[in-house]
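Read through the structure below, which is laid out as structure tokens, and then see the notes.
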Amino acid sequence: MSDYLSHLNPSQLKAVKQTKGPVMVIAGAGSGKTRVLTYRIVHLLKQGVDPFNILSLTFTNKAAKEMKERIEKIVGLEAKNIWMGTFHSVFAKILRYEADKLGYPSNFTIYDSDDSKALLRRIIKEMNLDTDIYKVNIVQSRISSFKNNLITVKAYTNNAELKTQDDAAHRPQMGMIYEKYVKECFKSAAMDFDDLLLKTNELLFRHPDVLHKYQHRFHYVLVDEYQDTNHSQYLIVKALASLNENICVVGDDAQSIYSFRGANIRNILNFKKDYSDAKVIKLEQNYRSTQNIVNAANSVISNNKDQLDKKVWTSNQLGELIKVNRSTTDSEEAVSVASSIQETKLREQALSQDFAILYRTNAQSRTMEEALRKRNIPYRIYGGLSFYQRKEIKDMMAYFRMASNLRDEEALRRIINYPKRGIGNSSIDRMTLAASEQQKTLWAIVGDIKNDSVGLNSGSATKVDNFATLIKSFQMMVAEKDAFEVATYIAKQSGILREMQVDKTPEGISRFENLQELLNGIQDFVNQENEKPEEERNTSLSYYLEDIALLTDAEKADEDDGDHVSLMTIHQSKGLEFPYVYVVGLEENLFPSQMSLTARVDLEEERRLFYVALTRAEKRATLSYALTRYRWGNLIDCEPSRFIEEINEKYLDINFINVKSSPRNAGNRNFGSNYKTKVPSRYNTSKKKEAPKQDSAPRFIPKNLKKINPNIQARNYKEQTYSTGMKVEHDRFGVGVICKLDGSGANKKISVNFTDVGEKTLLAKFAKLNILK
DNA sequence: GGAGGCCTCGGAAGG
DNA sequence: CGAGGCCTCC
């Protein structure tokens, strides 16, 4: 496959061939971003670059996997040697290799966010702090943001501003919690997700030799979704690339929707400042959506101030207008979506999988689900608990973690009395106290309970000792047996399997099946390892844990569960595309979210989220809102989202509204009595908003639009004047000539003689004819 | 030590 | 409204 370059348009080609020096690729929605990244790597390999010298970073395992597969398809097994993976997995690998330099064992545990939450909860409790003020979620995200900005405990202590912020928020003990949290993690030989990046920075900046080594290893660095990088990731990338400066970042500032988890849109906006000789290549041709969708999306995003200049366009067909639907209640909204799906399936011979329903919050899925179920439309709700977050899996994994790292205190606490073995809270509290007094790990006390430094009664001590003996036997086995043998042994000996088998409720059976699934997965892992050459082979349970610690999602995607409508949050839909997309709940305080209304940057992010939602659609986008909605059990009144108003009206089809006879003046559209035409000025912070509306669309449309009949482009919901003899076009019936007009107003009828289907009589208000001449 | 009732609180979610 | 943490009572 040597003609791979011929599949690219000029900008894509440029992005692929510009392999030297810093390059930023701004990839508009649907512009073939993955194709460029893939081919760029293929191109490097074809030029003779050693795969070991290429570092390619993504945010999700899925993205990494897909890219690897695509490259492998073209260049073969050579692709396996590329350093390709998520930030976290690549740097976890490096950290394990260099762990001793940071005082960690190489088999350190990775705490997921539940583990860190549990630890924080314990710390806050131990410090006797008010849990209403020191809420775990707040503390956790605060510490996360410290770490993502490289603010260590020491740096925090020296930072008066942060201290002042926390004092002002009535959380003066934040620094102390942070300190204890970091110490506990270290004591447990554990790193949380943020540590994987923070410690990598530490490693690279404190050990110039290590930095030097990896700078020389990675001749070429590629970063996908650069707009999603946080400061910590930014610094790592910068450090690694600073020697060769062969760095290529790909992203779209307009799709930056993750600031709430630390992503810093400045990284992409400032790339040119960081690398003065950077080449910026824009992929502006959209291959996914119709012109109406692309133009509507452009008109919305132009309301944002913080953005890189680009003009997304498409040569696809004009397509349908964006539909806007209003319902009285949220359940009516769901019914109207479901019936529209059903109708479209029949009329356009579409499959269920051609449809997606996108919403701002997960809570909105329920009404949608009910409506779909009533009509027997198959659907799948994405999101929710992933496989590895299930209790039964986490319990089992906690045993594995203990067997591999005895210092893992969160795992120990999770299983010391599960299944029930009579070790209660008072025993655990006593041992915890002893551990802290003697400056030992909790396991050191548990594993040596017979030496009686704790003062448990003999019955409790025996129970603890039996537990310790059990864990020790697991640990010994890890060194000798393969992961599957150890895992099945643990499942039986720990009593978990027995516990599962007894429970015959549907939930219990499902838990048992999940456990089986986990064991099957471990068997697969062992089999795969056994296929490798002996020197690369590692079938141990510890290695299995390393392998899957960062897999937060079970690979259920390929477990194709057939033709279904997809229900998901807009965040989850990023990167996906569907012929028909329904964006529901377009209401003020829901979308945009109420929490985004106080700051311009937050509102802009909501707008980007809306942009992402719109640009998922290939053929048709339908927006909807309800006038009332149940929220936390209460019925509340809603107003349509400002985002609907921000779309240039000529791309909208809101013909369902009882249009009053009064003429609408431009820029002051009337969506019905409940529509708020004026947004409160304090929200109206974007300067660009004042620009005349009609500008936003054509400005973004390049030459090729001229091929399109301007009359078609001008089509909108406004009443059109028809006369006999006019040549018109209908979506379904094709081209024809008007032969008769009847009635007036709402009852106005038009008879058209269509070339293909003969004469048809249509109601003018529903006909939506394009006047051709 | 465990079950069940009370209370609180609610955003989006990658690794 | 519903999930999950916490507390009380047995």
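Each chain gets a letter, A, B and so on, in the order its sequence line appears, and its residues count up from 1.
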**Fill in**
Letter by letter from the 5' end, nucleotides 5-12 of chain B scores (B base, S sugar-phosphate only, - none; protein heavy atoms under 4.0 Å) ----SBBB
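We find that NZ of K62(A) is positioned 14 Å from C1' of dA13(B), with the value rounded to whole Å. Rounded to whole angstrom, the span from the CG atom of D224(A) across to the P atom of dG15(B) amounts to 13 Å. In this entry the distance linking CG of D112(A) with P of dA13(B) reads 17 Å, nearest Å. Per the geometry, NZ belonging to K117(A) stands 13 Å off C1' belonging to dA3(C), to the nearest Å. Nucleotide dG14(B) holds its P atom 14 Å from the OH atom of Y382(A), rounded to whole Å. Atom CG in L550(A) sits about 15 Å away from atom C1' in dA13(B), given to the nearest Å. As rounded to whole Å, 14 Å separates atom P of dA3(B) from atom CG of N425(A). Spacing between atom CD1 of I381(A) and atom P of dA13(B) amounts to 13 Å, rounded to whole angstrom units.
Under 4.0 angstrom from either OP1 or OP2 of dC1(C) there lies no side-chain N or O belonging to R366(A). OP1 and OP2 of dG14(B) both lie 4.0 Å or more from every side-chain N or O belonging to N230(A).
Remark: the Y111(A) side chain and the E184(A) side chain contain no N/O donor-acceptor pair separated by less than 3.5 Å. For the residue pair S596(A)/R607(A), the side-chain donor-acceptor check at 3.5 Å is not satisfied.
Put simply, the side chain of E605(A) gets close to the backbone of S259(A): a donor and an acceptor are under 3.5 Å apart.
The aromatic ring of F193(A) stacks onto the base of dG15(B), its centre lying under 5.5 Å from the centre of the six-membered base ring with the two planes under 30° apart.
A salt bridge links E604(A) with R600(A): the closest approach of a Lys/Arg side-chain nitrogen to an acidic carboxylate oxygen falls below 4.0 angstrom. The pair D112(A)-K394(A) meets the salt-bridge criterion, with a side-chain N (NZ, NE, NH1 or NH2) lying under 4.0 Å from an Asp/Glu carboxylate O.
Within 4.0 Å of R121(A), counting heavy atoms only, lie sugar-phosphate atoms of the nucleic acid but no base atom. D194(A) comes within contact range of at least one nucleobase, with a heavy-atom separation under 4.0 Å. Counting any heavy atom pair closer than 4.0 Å across all strands shown, D228(A) reaches no nucleic acid atom. Looking at heavy-atom distances under 4.0 Å, I548(A) makes no contact with the nucleic acid at all. Here G383(A) lies out of heavy-atom contact (under 4.0 Å) with every strand. Using a 4.0 Å heavy-atom distance criterion, R421(A) is classed as making no nucleic acid contact.
Here the closest non-hydrogen pair linking Y134(A) and M174(A) is CE2-N, 4.2 Å. Of all the heavy atoms in Y104(A) and A190(A), the pair that sits closest is OH-O, 3.1 Å.
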**Message:** Before you tell me yes or no, could you show the steps for D228(A) and K574(A) under salt bridge (charged side-chain N to carboxylate O under 4.0 Å, His left out), namely the whole-Å CA-CA distance, both residues' side-chain angles and the distance that decides it to 0.1 Å?
**Reply:** CA-CA 12 Å; D228(A) 289 342; K574(A) 194 167 150 216; 2.9 Å; yes
Enumerate the protein-to-nucleotides 7-10 of chain C contacts in which both atoms are nitrogen or oxygen and the separation is below 3.5 Å.
none

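Scanning for side chain to side chain donor-acceptor pair (under 3.5 Å) contacts around Q364(A) gives T361(A), with sequence neighbours left out.
By the 4.5 Å heavy-atom criterion applied to side chains, I471(A) and Y399(A) are counted as neighbours.
The P atoms of dA13(B) and dG4(C) are separated by 16 Å, rounded to the nearest whole Å.
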